[in-house]
Protein chains: 2
Amino acid sequence: MSERLGCLLDPQSITIIGATNNPGRIGGMPLDMMSHFGFLGQVYPVNPKYNNMFGYKCYPDVESLPVAPDLAVLAIGAHEVTAMLKRCHARGIPAAIVYAAGFAEAGDEGLALELELKAFVKQSGMIVGGPNCMGFANLNSHVYTAFASIFKMVAPQVGRGSTAILTQSGNVCSALFGMGRERGVQFSHFINTGNEACVEYSQYLNYLASDADTDSVVGYIEQLRDGPGFIRAAHQFAKQAKPLILYKAGETQKGSEAVQSHTSALAGDMAVYRAAFAQMNVIATNDFAQMVNLAYLAKFKQRRGGQRVAIMTMSGAMGAILADKCILAGMEVPTLSLEDQKILRSGIPDYGMVSNPVDVTGNIVNSPEFALAALTTLATSPDVDVLVVTAPGYLMDRMSEYLIEIAQTTSRLIVAIDTGKASCREKLSQAGVAVFDDAGRAIQALGPFCQWMTRRTEALRWFELQERTSQAVASKHTLNQTLNEHETRKLLYSFGLPELNERTAVNAQEAMIAAEQIGFPVAVKILSADIPHKTELNAIRLDLQSAEEVAQATNEILAAVQCAKPQAHIDGVLIQAMQKGIAELIVGITRDQVFGPVMTVGLGGVLTEIYRDVAHRLLPIDVRVAQTMIEELKAYALLDGYRGRPLADREAIQRTIQSVSQAFETIANIQELEINPLLVHEAGRGASAIDALLILKNQ
Amino acid sequence: MSERLGCLLDPQSITIIGATNNPGRIGGMPLDMMSHFGFLGQVYPVNPKYNNMFGYKCYPDVESLPVAPDLAVLAIGAHEVTAMLKRCHARGIPAAIVYAAGFAEAGDEGLALELELKAFVKQSGMIVGGPNCMGFANLNSHVYTAFASIFKMVAPQVGRGSTAILTQSGNVCSALFGMGRERGVQFSHFINTGNEACVEYSQYLNYLASDADTDSVVGYIEQLRDGPGFIRAAHQFAKQAKPLILYKAGETQKGSEAVQSHTSALAGDMAVYRAAFAQMNVIATNDFAQMVNLAYLAKFKQRRGGQRVAIMTMSGAMGAILADKCILAGMEVPTLSLEDQKILRSGIPDYGMVSNPVDVTGNIVNSPEFALAALTTLATSPDVDVLVVTAPGYLMDRMSEYLIEIAQTTSRLIVAIDTGKASCREKLSQAGVAVFDDAGRAIQALGPFCQWMTRRTEALRWFELQERTSQAVASKHTLNQTLNEHETRKLLYSFGLPELNERTAVNAQEAMIAAEQIGFPVAVKILSADIPHKTELNAIRLDLQSAEEVAQATNEILAAVQCAKPQAHIDGVLIQAMQKGIAELIVGITRDQVFGPVMTVGLGGVLTEIYRDVAHRLLPIDVRVAQTMIEELKAYALLDGYRGRPLADREAIQRTIQSVSQAFETIANIQELEINPLLVHEAGRGASAIDALLILKNQ
């Protein structure tokens with residue numbers, strides 16, 4: 001599909017159906033723009049009332065066009081759309097953009113129109129953008145098929161643009177374009193997808209991933225209709241090292257209701273979106289200004305970045321502010337080596353700072369050439385990935401030649417923050433120095449940008465793991481019937497789950513023998529796939545000290561379950577050794593409506609629930625991904641020797657997580673799989689899957 | 001003091017000592033500015049080499065000035081400063097600004113210079129700004145005593161400014177001024193305080209609180225040298241309903257080290273700053289752009305604001321985005337009444353939203369007059385405090401007359417977000433509509449601004465409580481010696497702490513009798529003011545079931561303590577009834593180096609520590625403030641019937657917090673006071689101060 005999108009996004013010839021000579025109306029605006037900006041292809045307005053408009057010859061109908069153009073833009077009402085698409089198709093036009101609203105977003109009648117539209121598109125093979133969209137623009141080819149007034153209201157682009165905007169809202173597309181132009185961002189594409197009746201978000205993404213004109217994408221989404229397609233597209237972005245910068249709306253209940261009301265679709269689980277974006281190295285944002293600053297920074301992506309920042313300032317205050325901001329944005333501000341500090345001290349007065357932040361003080365006015373020495377020290381320090389230099393305008397101007405010199409001699413990312421009105425800004429930017437006018441705006445973009453640089457290898461590793469796993473899909477097994485706790489655990493053993501000291505029994509006599517073999521104290525639980533929640537039925541007894549207690553517990557449990565759930569299939573009881581651990585975890589997989597199977601890991605207990613301290617990941621998950629999951633938990637401290645506690649067996653947790661993931665991936669018809677609690681022991685002593693639950697898909 | 005600051009901040013006559021005719025140097029810049037912007041007072045440059053400069057007659061020395069001016073600006077080196085101040089004082093000049101660096105921030109030699117300066121100032125009564133500052137500007141009087149290049153690089157102010165900048169850094173002062181002017185903010189004062197050797201931050205604040213020219217202050221601080229002075233100043237701001245918008249640096253360890261290195265002073269505990277600001281309704285910020293947007297919003301402070309926002313949009317996406325942003329910024333987006341929805345639906349198509357956010361859809365192009373009906377509905381709805389309207393430029397222009405009409409008929413705060421390039425922006429702003437160009441920037445400022453409006457009454461109530469309490473300081477008691485746990489609790493009983501079922505005993509015999517009277521099970525603990533940490537010495541036994549167990553425990557505890565701490569003064573043992581509760585809290589007061597006594601409340605346990613889920617408040621604290629403390633805890637859910645748990649006795653918690661505060665306020669020489677744990681029971685059943693610790697100040 002994605003190569004065929006060229007007809008929508010880079011057409012050589014275009015007809016506008018419903019054209020008008022009023023540049024303020026939707027049927028006139030694209031013509032006005034293409035005429036104004038000088039589109040070099042063919043333009044054919046269709047309107048029987050006119051002979052020409054905006055300098056283009058006008059045609060009475062689509063049938064009388066001299067050739068079949070690449071693209072038809074339909075500026076007509078919803079009810080006329082499908083009929084017109086049929087005429088376009090008959091005329092040999094391969095692609096169309098539909099502006100009209102009043103489709104799936106507008107009740108039952110609209111939905112019927114959309115279904116009719118989709119049916120025709122499927123049957124004919126036409127490529128149709130929208131409906132309910134504002135149209136597109138290819139800023140490098142001067143194709144304007146959008147009825148957006150913003151293009152003429154901003155400074156025109158000089159040279160080729162390399163940032164694409166791809167949104168599920170026309171208004172957001174316009175707003176981002178306006179803000180981006182103000183920031184000096186040059187755009188390649190302006191795309192808003194509307195109802196995506198035919199071409200879905202991920203398909204546009206795929207096109208842009210291989211588009212030579214596009215180096216980065218800023219996007220806005222309300223819902224993804226094709227999660228797997230999105231994963232494939234994000235993989236392409238990672239391979240091409242193109243930043244994909246996305247705003248997902250619906251962070252709050254109210255916002256998500258508004259999304260739903262707006263697009264008639266569920267917003268999806270925000271926590272899963274967030275985790276999936278991080279895992280795929282998609283830059284998540286919820287701020288337009290940050291997005292355009294990230295698009296600006298993307299121009300410097302060939303430079304070498306990372307998490308370790310050296311800050312050079314003329315002001316102690318700005319040093320403190322930047323150190324705070326960098327660290328809060330997830331970066332490090334490493335203390336420089338004593339050798340580097342010594343070199344710096346040679347030109348910095350006593351009251352300046354040399355350890356990082358480096359405050360060369362206002363004294364630099366008197367010896368601006370020292371700036372070069374200081375910059376050289378920072379640019380060659382082995383402790384530093386990125387240089388951030390801040391100065392008020394006139395001092396930035398005095399330092400600019402040194403900054404340019406350093407930018408030429410180092411491949412490290414250099415960011416200059418001019419808090420005044422320096423005249424050198426454009427010159428610096430051209431020379432490879434990223435220029436900002438405010439510390440807050442700079443670091444708000446630099447933080448996620450450096451994270452994107454740092455995480456790329458890890459994301460690629462996961463994409464490859466994911467690709468290998470999904471290629472193995474053909475070999476998937478299915479379970480004929482659901483499994484009880486003991487069987488679930490046995491299944492997981494074959495994927496590497498650490499084994500548990502437990503036995504099954506069908507009556508009190510067997511239970512007593514089993515308990516003696518295990519050793520006291522023990523726990524006794526009902527064993528039945530039909531009873532996922534044992535506590536509610538009083539079907540579990542803990543800390544039993546003798547064979548007699550075990551026998552009594554077994555009889556009571558069996559009787560209680562038979563009484564409460566006479567239909568349940570009872571496999572007997574489980575006898576487990578009682579164990580103490582360092583912490584209890586929950587390890588579970590559910591199916592997300594967008595992304596499919598999602599693993600959730602967290603510490604057990606009510607507080608981690610209240611603090612929402614859980615980690616999510618898309619499957620597949622190996623031990624390395626599992627490690628990032630547990631390290632991401634704030635409560636990880638409890639596994640990591642917090643205040644003299646023993647270290648937990650983190651390797652056993654990671655193996656457990658991997659085994660659950662692998663079991664889920666291997667068996668096609670699992671709906672949910674959970675270990676709760678996973679009792680974690682001291683390092684080297686493993687982890688115990690005290691309970692395990694498997695739920696099959698409805699058959 | 002604060003009225004005398006007029007000499008610094010609004011002088012009628014000024015001498016510049018160390019004047020030069022080079023407008024790029026610090027001794028020339030202020031002269032150039034005052035000449036350029038037309039200062040109407042007298043200016044006397046002092047430099048023996050010149051006859052005049054910048055159109056001002058020049059004098060050879062301060063002694064030969066024709067009159068004693070209000071203010072001397074010292075553009076001379078640190079070593080010459082105090083000698084020159086003496087000559088200024090002898091000439092009758094009441095005030096001076098000292099630019100020079102090289103004082104306390106610059107090692108021992110500088111510190112000696114600063115001490116000399118301070119001694120002279122104290123003895124002479126001169127008012128001295130700085131040293132190590134950039135100077136000031138009074139934008140309304142055109143007084144420019146600052147060597148800042150920014151003034152000439154931004155659009156000149158038209159009309160009177162009403163926002164003051166007050167920073168502890170000259171560079172930050174300049175940066176905020178530049179950003180503010182770009183945002184259209186008009187300034188009254190430009191003040192940076194330098195080392196504050198003589199005039200401290202709070203004294204400037206006090207001046208600005210009563211300055212008729214100043215309606216709001218944006219400030220930057222690294223440290224407060226006078227916490228109580230700051231509280232008094234913040235009280236004045238609350239009384240005058242002037243927003244005080246402050247950036248405190250040192251949020252991270254590294255940032256706080258940089259602050260310390262920069263100013264040779266401790267940054268202070270950030271969590272306490274944060275809590276104190278909230279309690280005093282000081283708007284806390286850490287972003288320059290947000291600060292200038294707040295200063296812009298402050299112009300509209302006469303309007304009625306609040307937490308409940310109605311959102312009107314032409315784009316479903318912008319509706320979802322704004323709903324998310326408002327809620328994440330602490331505001332509410334209430335669902336409108338069915339009557340209001342019905343009125344709105346009459347003009348909004350099916351695919352638009354009427355419940356709030358209200359999406360009138362692009363259809364509004366065809367009937368812009370419906371915008372007035374919709375705006376009127378929102379402006380008169382009893383569910384709404386603030387209106388936020390967003391539209392792309394041309395639609396905002398079409399609606400502008402209706403927005404202006406509504407602004408005239410309602411006193412509610414109205415915010416217009418133009419995502420395009422509307423030409424009506426200035427007109428709207430003049431008419432009382434706050435205008436922004438981006439949803440993110442708008443809500444980032446609107447959230448804290450509306451919170452400021454909402455919290456003012458509560459803050460004033462606390463300031464009055466605080467004033468009353470500190471007036472009662474004369475009647476403070478002191479303790480002659482520290483108290484043991486039992487005595488501490490008895491002290492707190494007199495301030496309303498709920499009483500505990502406990503007895504003391506001096507030997508095993510008495511302990512057995514006491515335990516019988518209390519009823520089993522009981523706990524036995526050592527009773528000694530010399531042993532604050534009982535567990536370490538094995539001096540506590542829980543859950544004792546019989547008199548024999550109590551006797552044995554008592555003997556063991558007394559023996560263990562006598563062995564481990566033979567010097568400790570032992571008062572005997574405590575016998576307490578064992579109790580179970582819903583939750584355990586910690587309630588404690590420590591002394592903060594800036595703000596004095598600070599209460600900390602949190603749930604006990606390692607997780608609340610890891611998640612840093614505690615509330616802080618400055619004293620005094622009554623039950624109402626105590627209520628806000630516990631409600632602020634994320635773990636408050638556990639006290640509030642989370643998932644079917646019983647409700648905790650929150651009134652008892654509040655009374656306990658109040659009693660601890662009152663005891664601390666009443667007794668002058670307590671250093672620390674803590675209840676840990678406070679065992680909280682079901683609603684109506686009180687709370688038990690299981691342990692109590694009092695530490696006296698070093699005597």
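Each chain gets a letter, A, B and so on, in the order its sequence line appears, and its residues count up from 1. Everything numeric in this text was worked out from a predicted model, so none of it was measured.
For the 3.5 Å distance criterion, the side chains of B:S149 and A:K421 fail to qualify, holding no donor opposite an acceptor.
Of the listed residues B:D324, B:L607, B:L603, B:D613, the one with more heavy-atom pairs under 4.5 angstrom with chain A than any other is B:D324. Listed options B:I610, B:T419, B:T361, B:D437 were ranked by heavy-atom pairs under 4.5 angstrom with chain A; first place goes to B:I610. The candidate with the highest count of non-hydrogen atom pairs below 4.5 Å against chain B, out of A:D438, A:I150, A:T335, A:T390, is A:D438. In terms of heavy-atom pairs under 4.5 Å with chain B, the best-connected choice from A:T167, A:L638, A:D350 is A:L638. The greatest number of non-hydrogen atom pairs below 4.5 Å with chain A, out of B:A175, B:A320, B:A391, is found for B:A320. Interface check for chain A: of the options B:A635, B:G107, B:G178, B:P392, the most heavy-atom pairs under 4.5 Å are formed by B:A635.
Remark: A:E251 CD to B:I321 CD1 distance equals 9.5 Å, nearest 0.5 Å. Here the straight-line distance linking atom OG1 of B:T252 with atom CD1 of A:I327 works out to 4.0 Å at 0.5 Å rounding. Note that the CE atom of A:M153 and the OH atom of B:Y394 stand 11.0 Å from one another [nearest 0.5 Å]. Atom OH in B:Y220 sits 8.5 Å away from atom CE in A:M318 (nearest 0.5 Å). We find the SG-NZ distance between B:C326 and A:K254 to be 11.5 Å, quoted to the nearest 0.5 Å.
For B:R645, the part lying under 4.5 angstrom from a heavy atom of chain A is the side chain only. Looking at B:T313, there are no atoms closer than 4.5 Å to chain A (heavy atoms on both sides), in backbone or side chain. Contacts of A:N356 with chain B are made by backbone atoms alone, with heavy-atom separations under 4.5 Å and no side-chain atom involved. Proximity to chain B is absent for every atom of A:V365, based on heavy atoms less than 4.5 angstrom apart. For A:E332, no part lies near chain B; criterion is any non-hydrogen pair under 4.5 Å. Only the side chain of B:E182 has a heavy atom closer than 4.5 Å to any heavy atom of chain A. Of the atoms belonging to A:D287, heavy atoms from both backbone and side chain fall under 4.5 Å from chain B. Only the side chain of A:M179 comes within contact range of chain B, with at least one heavy atom under 4.5 Å from a heavy atom of that chain. Of the atoms belonging to A:F177, not a single heavy atom falls under 4.5 Å from chain B. Looking at B:D418, there are no atoms closer than 4.5 Å to chain A (heavy atoms on both sides), in backbone or side chain.
Shortest non-hydrogen contact noted between A:N171 and B:M314 is ND2-O, 4.1 Å. Across all their heavy atoms, B:E105 and A:Y351 have their closest contact at O-CB, 3.1 Å.
Residue A:K152 places its NZ atom among more than 12 non-hydrogen atoms of other residues, nucleotides or ligands, all under 6.0 Å distant. Applying the 6.0 Å contact sphere to CZ of B:R183 captures more than 12 heavy atoms from other residues, nucleotides or ligands. Atom CG of A:D108 is surrounded by 12 or fewer heavy atoms from other residues, nucleotides or ligands within 6.0 Å.
Although no hydrogens or angles enter the test, the distance criterion places a donor-acceptor pair under 3.5 Å between the side chain of B:K325 and the main chain of A:N286.
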